[in-house]
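Just so you know, these numbers use all the heavy atoms, side chains as well, and skip hydrogens, waters and symmetry mates.
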Amino acid sequence: MAQHVHKERSFDAFLSSTPILSELLEHIDVGTKWYFLGTLLHVDEKRLNGIEQLQGHDDTSKTLKMFQHWLTTTPTASRGQVLEALRKRVVNEHTVADKYEKYLKELHDTTYTPPSTEAVSIFQRNIQSLNEALVSPVQVSQLLYCKRCISEATLDEMERMDQRRSLDDKKTVLLTAMQETVSSDYRKLKDIAIALSDIEQTRFIAIGMLNKYEEKIPQDDDSTVVKKQQQEVAGSDEGHASDILRNNYSALSLSITEPVRVAKCLHEEVISDEALSCVMSTRGSVSDSRAVLLKAVRDAVRSNYKHLELFVTVLRKFSETAHIGDTVFEEYRKRFNYGNIEEDEIYVANQKSMSTSSESSSLDDDTHGDHKILFPRDMKNKFEDMRMKFGSTFFKVRRIFTKMKSILNIDEVKELIIIWFPDLKPQLSYTGTIEEVLNVLKRKCSIFNVRPLENLAFEFNIEDAKPVLKSFKEEAKDFCKSVSVSLSLGEELQAVATPSRLLSETVVFVFNWNPDDYTLQDINAMFFELEPLNRYHIQMDKIGTGQSVVVTCYCPAEYTGSLIMAVLDKIQILQKKGLKEFVVSKCSIWNATEVVSVNRDVKDLLIQIHNLKTALKDRDEKITASETELSKLKEQLKALKISLEESQCINVQKEEAINELKEKISSLKEEYFQKENKLNQFLEDTERELASLKEWSEIRSQEIEQLKLELEENNDIVYASASDVSTDESFDSDAS
């Protein structure tokens with residue numbers, strides 16, 4: 001069907017071409033109506049009158065003169081115009097028109113080439129040039145995958161690490177896949193050419209292919225196909241998320257410069273031990289380890305679309321990829337309607353008892369135990385009102401800052417924010433206006449906390465913003481005082497939609513509170529009173545409840561160790577306020593049911609673990625720096641090899657030039673061997689350092705295990721002592 005449609009369109013294009021005089025004389029005979037035909041073809045009237053007055057010329061001769069003049073004076077003359085004129089009522093030569101059109105169709109069919117054949121032919125004529133020009137076939141495959149020019153199976157094959165496959169093997173796989181794509185859909189040749197035109201080594205070839213495509217294949221049917229492709233998205237959540245990842249795949253393949261660090265951040269939560277090991281094993285080549293990493297992320301997103309949120313969280317930690325993370329999350333948020341809460345959305349809670357009967361009457365569901373709680377409409381409205389008030393406040397403050405941009409140094413603003421919130425540094429790195437800077441800072445606010453904005457206005461003396469923020473703070477405080485914890489269950493407290501947090505950055509405080517007896521202000525007051533905690537950038541995300549009140553917070557990974565120490569220092573204060581359990585990354589750091597005397601040993605153990613992690617992090621940074629130096633050395637060696645090859649290929653005519661070339665080659669070889677020796681020495685030193693680190697880590701692990709055993713023995717002694725005391729008291733009671 002598509003082939004038939006294209007053939008019809010090809011014939012229409014054929015009719016728009018200029019006819020030749022011989023075919024007109026052979027197929028167009030209208031007798032005395034030649035004058036009317038010329039008039040319909042817009043031949044000059046004076047010229048027609050001159051032809052008509054010629055003596056000794058029959059109608060055929062006059063028709064010839066008319067067509068000659070028409071063809072030489074009309075650049076847009078076409079076969080279609082002749083057919084149209086013949087069928088006009090004035091001429092009314094339908095039979096002549098039908099015979100001429102039949103002839104034209106037969107002529108078109110003898111010269112017609114199907115677009116698929118034409119497209120494949122264009123590609124095949126350039127395949128050898130592409131093979132020579134492709135320097136990084138894996139990177140090109142990532143770009144073509146993003147443009148939907150190759151399949152995911154082909155990309156899997158390209159990103160698979162196999163030492164037995166040469167560069168030529170990868171080129172063959174990619175070029176074969178590209179040809180198959182063009183064979184199945186000739187329009188893809190245009191997409192491939194456009195994609196390759198973005199690559200310096202293939203740009204000239206791609207432009208030539210594109211010109212041939214536009215010359216040989218009509219373009220009027222491309223738009224509908226493009227629209228259809230844009231609308232084709234897999235129906236499952238995983239399919240939608242994979243499609244979003246695919247849209248940004250090329251940008252990621254060009255921007256991730258530290259794949260090992262990215263992989264470590266994603267380890268256990270998104271990618272497996274095996275995937276991390278593969279990334280680590282290819283760390284000598286950034287492009288190879290990046291390819292392994294991206295394949296692992298694709299696999300993870302295909303298995304669970306929520307993994308894309310965690311990937312965004314990690315991308316925002318690096319300056320090179322923070323903007324891509326924002327782009328991905330914006331697509332994700334729109335695709336999944338993320339952060340838009342319906343008024344009658346049902347929240348699920350695990351709560352032992354409900355509110356009093358009078359309070360329950362305002363709810364749509366009053367079942368007990370494991371049950372659904374329908375958020376009261378008036379309370380939902382209050383939360384929405386607070387969100388709108390926050391949005392209005394932020395808009396006003398941002399507008400005030402924008403008016404002051406002429407006297408504000410944006411670099412100083414960014415520098416101060418980075419001092420306050422170091423984890424925002426990557427996200428601020430690509431901001432260029434004060435509006436963009438404030439949009440990033442907004443991520444540190446909540447719907448009732450504008451302290452970051454307030455502090456910024458104070459530091460830069462933005463007086464007009466202060467009353468706006470003060471007014472909101474008062475409203476927020478009143479709101480928090482009026483809302484009980486039980487009416488805040490599951491409500492997202494962030495000011496902006498936020499992707500899922502990493503487990504390593506998730507902190508949970510469990511309070512032995514009755515949710516109906518405490519308000520949001522009680523939680524705020526508890527955090528504000530503990531000033532040391534504020535230094536670790538604790539950010540409250542949501543509140544839940546089971547048998548207790550559960551407050552889930554975010555803390556940047558670099559501060560979690562220090563936070564643990566600070567919480568344990570304040571544990572008595574927190575316990576008096578009802579703290580029941582303190583959890584970091586699903587690991588229970590402190591629990592009120594444990595024996596209090598053990599806390600000091602736990603703290604000492606955690607300090608040692610924290611110190612060990614710090615040392616390992618420092619070592620990783622040194623190794624990363626060493627790898628960067630190693631990569632530079634490899635590039636230098638590669639350049640030297642290229643120089644050697646180029647030098648050896650020079651055709652020297654004179655003996656003097658030959659001697660000079662030999663000296664240069666000798667010098668290059670000597671420099672190459674020096675670099676190679678330096679590289680080998682560097683590798684040996686690195687291996688020794690790694691072995692030393694491993695030995696040190698094993699010793700530390702043994703010490704930690706020994707401490708754990710001592711803790712268990714202490715616990716047994718304490719419990720045994722407590723049991724003896726209890727037995728003695730029972731004996732004394734019986735004796736009395």
Side-chain angles (χ1 to χ4, degrees), residues 347-355 368-371 373 446 480-481 483-493 501 503-534 536-555 559-607 609-610 708 711-712 714-715 718-719 722:
Y347 288 84
V348 179
N350 180 17
Q351 186 172 306
K352 188 173 183 180
S353 60
M354 288 289 289
S355 305
H368 292 261
D370 292 339
H371 60 281
I373 300 176
S446 72
C480 291
K481 286 180 178 179
V483 178
S484 68
V485 172
S486 62
L487 295 179
S488 309
L489 306 183
E491 187 73 17
E492 297 292 339
L493 304 179
R501 310 288 196 186
L503 278 178
S504 58
E505 298 180 325
T506 301
V507 179
V508 178
F509 295 88
V510 182
F511 293 96
N512 191 20
W513 291 351
N514 183 333
D516 295 322
D517 296 339
Y518 288 82
T519 66
L520 291 176
Q521 185 59 28
D522 293 322
I523 297 175
N524 285 336
M526 190 275 297
F527 281 117
F528 290 150
E529 286 177 11
L530 295 172
E531 183 59 31
L533 295 185
N534 296 330
Y536 305 118
H537 312 295
I538 291 292
Q539 189 173 351
M540 200 187 318
D541 281 345
K542 67 170 64 174
I543 300 169
T545 121
Q547 302 296 321
S548 311
V549 173
V550 181
V551 182
T552 304
C553 303
Y554 158 75
C555 178
Y559 293 106
T560 52
S562 301
L563 173 65
I564 291 172
M565 301 302 108
V567 169
L568 292 178
D569 277 338
K570 296 283 184 179
I571 202 65
Q572 292 182 347
I573 298 174
L574 287 167
Q575 192 171 10
K576 288 179 181 178
K577 289 182 174 292
L579 184 66
K580 181 179 178 182
E581 188 175 9
F582 172 53
V583 179
V584 177
S585 184
K586 283 194 172 181
C587 176
S588 181
I589 303 300
W590 181 89
N591 193 307
T593 60
E594 296 175 352
V595 180
V596 178
S597 62
V598 181
N599 288 338
R600 184 171 299 278
D601 293 329
V602 172
K603 181 180 176 182
D604 292 340
L605 176 61
L606 289 170
I607 290 173
I609 293 173
H610 176 64
K708 286 182 178 180
L711 286 175
E712 291 176 0
N714 288 340
N715 283 339
V718 171
Y719 283 125

Q: Start with the C-alpha gap between Ile523 and Tyr518, add the side-chain angles, then the distance that decides, and say whether side-chain contact (heavy atoms from CB on, under 4.5 Å) holds.
A: CA-CA 8 Å; Ile523 297 175; Tyr518 288 82; over 6 Å; no
**Q.** Steps toward side-chain contact (heavy atoms from CB on, under 4.5 Å) verdict (Asn591, Val510)
**A.** CA-CA 9 Å; Asn591 193 307; Val510 182; over 6 Å; no
Q. Are any non-hydrogen side-chain atoms of Leu579 and Ile573 less than 4.5 angstrom apart?
A. no
Q) Looking only at heavy atoms, what is the nearest atom pair of Gly578 and Trp513, with distance? A) CA-NE1, 3.9 Å
Q) When rounded to the nearest 0.5 angstrom, what distance separates CZ in Phe582 from CG in Leu574? A) 9.0 Å
Q: Give the minimum heavy-atom separation between Lys481 and Thr519, together with the two atoms involved.
A: O-CG2, 3.3 Å
(Q) Working to the nearest 0.5 angstrom, can you tell me the gap between Ile589 CD1 and Met565 CE? (A) 8.0 Å
Q. Is a side-chain donor or acceptor of Trp590 paired with a backbone partner of Ile564 at a separation under 3.5 angstrom?
A. no
Q) Do side-chain atoms of Ser585 reach the backbone of Cys587 as a donor and acceptor pair under 3.5 angstrom? A) no
Q. So Tyr554 and Val507, side-chain contact (heavy atoms from CB on, under 4.5 Å) or not? Walk me through it.
A. CA-CA 6 Å; Tyr554 158 75; Val507 179; over 6 Å; no
